[in-house]
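Per chain, numbering begins at 1; letters A, B, ... match sequence-line order.
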Amino acid sequence: MNPPGSLRVLEEKEKEHLATPILEPSIHSDNPQERIQARRLRIAARLEARRREALGEPLDGKESAEDQSKSYKQKEESRLKLAKLLLCGTELVTNIQVAADIREVHRRVEEEEIKRHRLEKLENEVKTSQDKFDEITMKWEEGKQKRIPQELWEMLNTQQVHCAGLIEDKNKLISELQQELKTKDDQYVKDLKKQSGDIFLLLERMEEQVKNVMKTFRQELQHIEKAFEVERRELLTSNKKKWEQALQAHSAKELEYLMKRLKKVEDHEKQLNKQRTWDCEEYNTIKMKLEQDVQILEQQLQQMKATYQLNQEKLEYNLQVLKKKDEESTVIKSQQKRKINCLHDVLNNLRSKYNKQVKQLQEENQSLTSDYKRLVMQFKEMQKAMRHFALVDDKQFREIWLMNEEEAKDLISRAFDVDRIIHTHHLGLPWTAPDFWFLKNVGPISQRQRKSATQIVEEVLMEAEEEGAEEAASEPESYLDLPKQVSVKTTRKILMLLCDESGFLVESKLLSLLLPLDKNECYLLKLDAIFSALGIENEDDLYKLVNFFLKYQAHHSPPSQEQTSLISPLERLDPQGEKEGCLVDREPQEKQPPPSPRLIHPNDVLKILEAFVMGLRKPRDLRSPVKLLKAVRDHSKDSEYWKALTTVIPATTLNLWDALYTALEKYHLVLTQRAELLIENSSLERQNTELQQLLQQYLDSKINSELQVPPTQVFRVPTK
Amino acid sequence: MEETQITPSLSVPSWSSVSTHDQSSTAGQDSSTGPQPSKPSVIPPPVKSKGPSSGAGVRRMRRIIAEDAEWSVATVPLLTELCIQHIVKNFQNNPILKQLLPEHQKKVLNHLSPDLPLAVTANLIEDEKYWRRCCTQRWPVCHVDEHGGSWKRMFFELHLENLLRHFIPSTTDPEVILNLLPLCRNYVHTIRVDQFLPPVQLPPPLRGGDQSDSGREGEMEEPATDHYQLGDLVAGLSHLEELDLVYGVKDCGMNFEWNLFLFTYRDCHSLAATVKACHTLKIFRLTRSKVDDDKARILICSLLDHAALEELDLSHNLIGDRGARAAAKLLGHSRLRVLNLANNQVRAPGAQSLAHALAHNSDLVSLNLRLNCIEDEGGQALAHALQTNRCLTTLHLGGNKLSEPTATLLSQVLSINTTLTSVNLSCNHIGLDGGKQLLEGMSDNKTLLEFDLRLSDIAQESEYLIGQALSANREAARQRALSPSHFMSPATAKGPENPAG
């Protein structure tokens with residue numbers, strides 16, 4: 001019904017527009033205004049179109065400059081016309097809807113009016129009938145009071161009449177309403193018919209509008225096309241004119257050029273003739289010259305030919321040679337190629353083999369590494385176990401040792417007790433307890449603890465001090481573990497020297513700390529620092545150092561210094577003699593005060609130290625693995641120890657004991673005999689007493705008195 | 001050059017008797033064996049190809065060969081053709097399409113019959129030509145433009161519409177529609193149903209025309225006339241954008257009964273829930289369905305804050321002021337662009353509430369209140385609202401008993417407002433003075449393109465002048481729409497001339 005906002009955009013070329021309306025006079029329309037309006041608009045549109053068409057064609061033939069605007073004008077006019085057409089058409093079509101709307105509005109208004117009337121009427125009716133009904137009901141009340149039947153009858157009759165009137169009123173109303181309904185029904189049918197007519201009309205109008213619009217669109221298109229064509233024709237004629245003018249101008253110019261050209265040609269011909277004669281003369285002279293040249297050149301050519309032949313032969317020979325060589329080389333090439341193939345095969349084989357082997361070896365390597373790792377692990381575990389067992393063994397060994405030792409010591413002590421008793425009691429000799437080293441020993445014999453260098457130094461210093469005080473009152477025991485080859489003094493002096501000379505090895509802080517200390521302590525701490533700097537850790541290193549000093553001196557000092565030379569061999573001898581007994585060696589050393597260190601020049605100390613450090617480094621490295629083996633115990637001294645324990649009682653005492661034993665045996669025998677005799681004696685004495693008692697009894701008895709001769713008379717009674 | 005000519009001839013013996021020749025031949029030959037193996041393999045092909053090619057040439061020259069017994073003019077169809085024919089024949093049982101090459105697919109689709117069951121074709125075939133054939137076979141008139149230009153969508157929408165139109169509750173199996181759902185869910189964007197059949201009462205309402213009316217009247221008391229519930233269907237359609245429903249019966253003829261046109265409360269509630277659950281819905285039309293105030297309120301209540309809804313059409317119903325108030329509330333709680341309440345019973349209060357909402361609204365583009373009864377009070381309220389509103393472009397107030405006061409206000413609006421493009425005041429009693437005032441308002445307006453004042457009792461002169469102003473505006477709008485290029489200068493020069501002439 002309502003064409004959407006398509007009216008806004010209207011282009012001439014949109015032929016297939018959905019538009020619906022048409023210009024048909026509104027004979028079918030109901031509204032006169034509408035019809036008039038539609039007609040007016042249509043006439044105006046047609047007039048305008050006609051006027052434009054009439055004006056447009058003559059205008060087209062005029063100037064070419066206006067053509068552009070003419071076609072545009074045509075387009076614009078057509079567009080406006082069509083827009084108006086469409087607008088009017090849609091209006092015409094929608095007019096029906098609008099008319100229907102207004103009819104509906106009017107109908108609604110009327111309906112409302114009628115409804116209101118009807119309602120009023122119904123209300124009035126209800127009121128009046130209610131009044132009537134009330135009247136009737138009132139009369140019922142009255143009727144009840146009536147006693148006389150005639151009156152009652154009368155009243156009832158009037159009531160009946162009233163009721164009938166009421167019902168009649170109602171019926172009338174109902175019939176009226178029904179009448180109205182019927183008229184409404186009729187009207188509805190009429191409306192339906194009218195609406196269907198409207199729809200039919202609408203359809204017709206739409207169709208016609210479509211047709212008309214199509215027609216006008218086509219017409220307009222034709223007009224526009226015509227306008228364009230005229231424009232084009234105009235353009236063509238004007239262009240043709242221009243073209244002809246241009247052609248004329250062109251031909252005139254061409255003529256001019258032709259004349260000029262002819263003139264030029266003549267000039268050139270003249271010049272050419274001149275040139276030709278001149279050229280001929282020149283040509284002759286040159287020809288003579290050139291012929292001469294040709295003769296000379298021919299001679300040369302002959303010569304060249306001869307040389308050429310010679311060269312050709314040579315080259316041919318060379319070619320032959322080269323060909324042969326080429327053949328040979330091809331043969332060789334093929335051979336080489338074959339060889340290369342063979343070698344390639346071999347190479348490939350080898351490669352594959354190599355790869356295989358590499359793989360194999362890799363696998364092997366992997367397995368071996370895994371084995372190795374496993375073994376290492378096992379080895380570590382073994383080591384751990386071994387260490388553990390070594391510890392346990394050590395402990396056990398120690399315990400067993402202690403037990404045995406205790407036992408042995410018990411036995412020894414018993415033996416000593418016995419010995420003492422024997423000595424004091426039996427022999428009446430004073431007994432001195434033997435003092436053996438092994439008696440003091442407790443626990444398994446182990447290698448002596450290595451003393452740290454500083455400890456030794458300390459000892460050395462201490463002893464040296466004592467010596468200074470007591471003047472060589474040496475205590476041999478303390479030297480048991482000291483340098484077996486060097487005297488204390490020597491060592492001390494060397495160390496003092498070292499301490500003085502190599503102060504640079506001590507840290508400055510330490511030096512400042514050392515200031516307030518005792519001289520000896522100062523030395524000690526300094527030496528400690530120096531040793532740690534030099535890498536001297538234990539006893540041996542220290543001895544090595546001292547020895548090194550002495551050796552160095554021996555080597556470097558001239559033999560003129562007898563004392564040093566004397567000492568050095570002595571000291572060199574010492575190690576051999578050390579085991580026999582230190583005591584023997586020591587005494588001569590001490591008696592000869594070793595002045596050697598003093599002879600070492602302080603300047604040499606650094607050189608010596610340097611040499612020493614260089615020398616020390618090497619053995620140090622080698623020794624480290626040896627340390628591991630040190631755990632292995634030295635059994636050599638065990639048997640000795642135990643044997644010593646057994647021979648704690650010397651053989652002489654044993655012999656003494658044996659002799660004593662036999663003597664005591666004998667003594668024992670005598671004593672036993674004596675004891676026996678004593679017992680015998682005592683028994684005899686007892687017998688004697690007993691016998692005396694018996695005798696006394698007899699003598700004292702009464703019988704005796706009765707007897708004439710008492711026995712007492714017979715013999716002499718031993719009085720007691 | 002020589003070698004190449006020799007080798008083909010040499011190669012034949014050299015292959016057969018290489019062993020014997022190799023040993024005895026000269027060194028020169030021996031050396032040539034190295035490169036030989038590679039050369040023969042290259043050269044033979046051209047030698048071989050020459051023979052057959054010359055033969056084929058002869059064959060090609062002669063199209064008919066007398067000696068060939070099997071030769072016939074009829075060419076044997078290609079194997080692909082045969083396969084395609086077979087596929088077409090057995091498409092129902094074994095649909096093979098996607099695996100084929102594009103040109104074969106085209107052939108298959110051209111030969112498929114449009115009667116194939118939808119279960120096979122629905123989700124498999126996208127080809128528009130096939131669906132076009134389906135459509136044209138089923139329906140004589142096909143407006144594919146009304147279905148987004150897609151024949152497939154059109155087919156499914158029309159098919160579904162057809163099913164819904166003929167669905168009789170409690171008689172037709174609802175599975176018929178629900179079975180179609182998985183097939184059409186991706187293609188249906190619009191549902192347009194212009195009739196919903198009520199459930200069958202003992203004599204079916206359509207077919208049982210010969211039954212007596214008295215039997216039916218007894219049952220009319222119990223209005224068990226609920227229609228098909230759209231809920232399940234709409235919930236399944238994932239692209240549904242438009243819902244155009246008419247609860248009524250078409251072509252009932254002499255079987256007319258009032259209860260054929262009942263839009264029951266249950267229908268209303270289920271429809272409201274359906275619409276609320278459909279978040280893709282853009283256009284909702286429920287026309288000619290006797291929707292009264294309460295039902296309108298139920299429906300609009302469910303549409304409040306709907307995210308996608310753009311157009312609501314409740315024309316040709318029985319909506320009064322309360323319904324109009326609900327619609328006004330909806331304007332504030334949605335992004336509605338088009339509201340159509342034509343041919344309802346909206347009066348002045350309803351129009352006032354609508355005007356109030358319109359004054360604060362910035363989405364509504366079109367408002368249609370045709371054939372209501374808002375009268376001057378409502379019209380004035382709307383005109384006041386339009387003084388502040390900046391987005392309404394189309395306003396239809398035809399047939400609303402408006403008169404001069406509204407026209408005065410509207411003329412003021414026209415001189416201020418720059419967004420309105422179309423106003424319809426037809427079928428109102430505006431009067432001569434009102435027409436003059438409107439003409440004054442129009443003289444200041446440059447944007448209005450349509451102004452319908454037919455049958456509104458105004459002077460022809462003012463109507464004509466208003467028409468001139470409108471055409472000037474239209475011309476200006478056309479120039480604005482076209483790019484402002486060289487067309488501009490002649491057009492503007494002519495612009496003022498045309499209306500004068």
* Could you tell me whether Lys333(A) atom NZ has more than 12 heavy atoms of other residues or ligands within 6.0 Å of it? => no

* To do: Mark yes when over 12 heavy atoms from residues, nucleotides or ligands other than Glu242(B) sit less than 6.0 Å from its CD; otherwise mark no.
  => yes

* **Val98(A) versus Ser426(B), closest heavy-atom pair with distance** => CG1-CB, 4.0 Å

* Asked: Quick one: CG on Asn424(B) to OG1 on Thr94(A), what's the gap to the nearest 0.5 Å?
  -> 8.5 Å

* Determine whether more than 12 heavy atoms belonging to other residues, nucleotides or ligands lie under 6.0 Å from atom CZ of Arg337(B). => no

* Side chain from CB out, backbone as N, CA, C, O: work out which of these in Glu104(A) comes under 4.5 Å of a heavy atom of chain B, or both, or neither. => side chain

* Asked: Can you list the steps and then say if Glu76(A) with Arg478(B) is a salt bridge (charged side-chain N to carboxylate O under 4.0 Å, His left out)?
  -> CA-CA 12 Å; Glu76(A) 203 65 15; Arg478(B) 199 183 80 88; 3.5 Å; yes

* Structure fact -> Filtered by a 4.5 Å non-hydrogen cutoff, the part of residues 107-115 of chain A contacting chain B is Arg108(A), Val109(A), Glu112(A)

* **Short N-O contact, Lys84(A) and Glu475(B), less than 4.0 angstrom** => no

* Mind jotting down which residue pairs meet the salt bridge (Lys or Arg N to Asp or Glu O under 4.0 Å) criterion with at least one end in residues 453-468 of chain B? Sequence neighbours excluded, please. => Asp452(B)-Arg454(B)

* **Reported CG-to-CG distance for the pair Asn95(A) and Leu455(B), which is rounded to 0.5 angstrom** => 7.0 Å

